[in-house]
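See below for the structure under consideration.
Bear in mind that the values here come from a model prediction, so they are computed numbers and not experimental data. When a ligand or atom number is given, it counts from 1 through the structure's own listing order. Each residue takes its place number in the sequence, starting with 1.
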Amino acid sequence: MTGLPPRRADELLRAAVGHLRLADVPDPRIDAELLLAHVLGVNRGRAQALALLGSSLSQPVADRYRALVLRRGLREPLQHLTGVAHFRRIELLVGPGVFVPRPETEVLVEHALRGLPEGGTAVDLGTGSGAIALSIAHERPDATVIALERSPEAFAWAERNRQHVGAANARVLAGDLAVAADLLPELLAGVDVVVSNPPYVPDGMVPRDPEVQRFDPAAALYGGPDGLDPMRAVVATAERLLRPGGLLAVEHGELQGEGTRALLADGWTEAATHPDLTGRDRVTTARRAG
Ligand SMILES: C[S@@+](CC[C@H](N)C(=O)[O-])C[C@H]1O[C@@H](n2cnc3c(N)ncnc32)[C@H](O)[C@@H]1O
């Protein structure tokens, strides 16, 4: 990044792509363009157009761009640098202390929505930024959605996002998912959908991406020796919250479909594992037996 002509968008962009490529950032051009768009306050298409036209940035904006590119090169998540993550139809505010929502989780929401009757109730266990709960609330204004989170930092992000999305039909509660049924006595055996993307990385496994390893909270990642300890608590809580025939939809690692279905052997019907958009096992659903 040294010796750059300081202010032309096309030159800044070219240097940024080269820098991010050398830093092994997976999509260097996309990230360089999105950061340019961010500092200019425009969308990505407009940033590309300004670069094509060889437009000049003001010195402070060019300096800010270079600083963000350097941080991205150190593998800080793009979403921490822009402060937002896009998930399905909503924009979420994210930063240190909260798990950055992933595209594969959008499929989990699809399953949850399919199980939600008109005017129904959904509970999201371990809501993080609120991605799942607030998407459901946004896409189904007729539904009531309750989001639960144990980490105080993540809880604050979820509550901020509830206001950001303007989801009047969602409520964010602080608490442990293992005791969620005790926190919601009025909902015992009355919930239509329990959905969760719990921590599921086995304790001994080191995530490959530096963004995950260094910036996602450990409490959002690790799930005990086989990664399924939080899942066991999710299933136990869902057993108490769901009405007969109610739907449980959970996300898990690509090798955890069988282990998750094994937790649903008694008291559940229709247990099935579904692939994500890349064809990997990612979501298991089941219905509470009557
Ligand atoms: C993998 S992240 C998923 C966050 C969000 N649902 C999403 O899909 O982007 C797991 C979340 O569960 C929370 N969590 C972990 N253990 C929990 C527990 N025992 N009770 C409540 N929340 C918990 C973590 O703090 C984290 O926010």
What are the distances between nitrogen or oxygen atoms of ligand 1 and protein nitrogen or oxygen atoms, counting only those under 3.5 Å?
| from | atom 1 | to | atom 2 | distance (Å) |
| --- | --- | --- | --- | --- |
| ligand 1 | 6 (N) | Gly126 | O | 2.9 |
| ligand 1 | 6 (N) | Thr127 | O | 3.3 |
| ligand 1 | 8 (O) | Asn197 | ND2 | 2.9 |
| ligand 1 | 16 (N) | Arg150 | NH2 | 3.4 |
| ligand 1 | 19 (N) | Arg150 | NH1 | 3.4 |
| ligand 1 | 19 (N) | Asp176 | OD1 | 2.9 |
| ligand 1 | 20 (N) | Leu177 | N | 2.8 |
| ligand 1 | 22 (N) | Arg150 | N | 3.3 |
| ligand 1 | 25 (O) | Glu149 | OE2 | 2.6 |
| ligand 1 | 27 (O) | Glu149 | OE1 | 2.8 |
| ligand 1 | 27 (O) | Glu149 | OE2 | 3.4 |

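The salt bridge (charged side-chain N to carboxylate O under 4.0 Å, His left out) contacts involving residues 109-133 comprise Arg88-Glu110, where partners must be two or more places apart or lie in separate chains.
A distance of 11.0 Å separates OG1 of Thr273 from CD of Gln256, quoted to the nearest 0.5 Å.
Comment: Arg102 engages Asp216 in a salt bridge, judged by a side-chain N to carboxylate O separation of less than 4.0 angstrom.
Remark: His164 pairs with no residue by the ring pair (Phe, Tyr, Trp, His ring centres under 6.0 Å) rule, at least two apart or across chains. Among residues two or more places apart in sequence or in another chain, the ring pair (Phe, Tyr, Trp, His ring centres under 6.0 Å) test is passed with His274 by His111.
In this structure, Arg287 fails the cation-pi test against Trp268, since its NZ or CZ atom is not both closer than 6.0 Å to the six-membered ring centre and inside 45 degrees of the ring normal.
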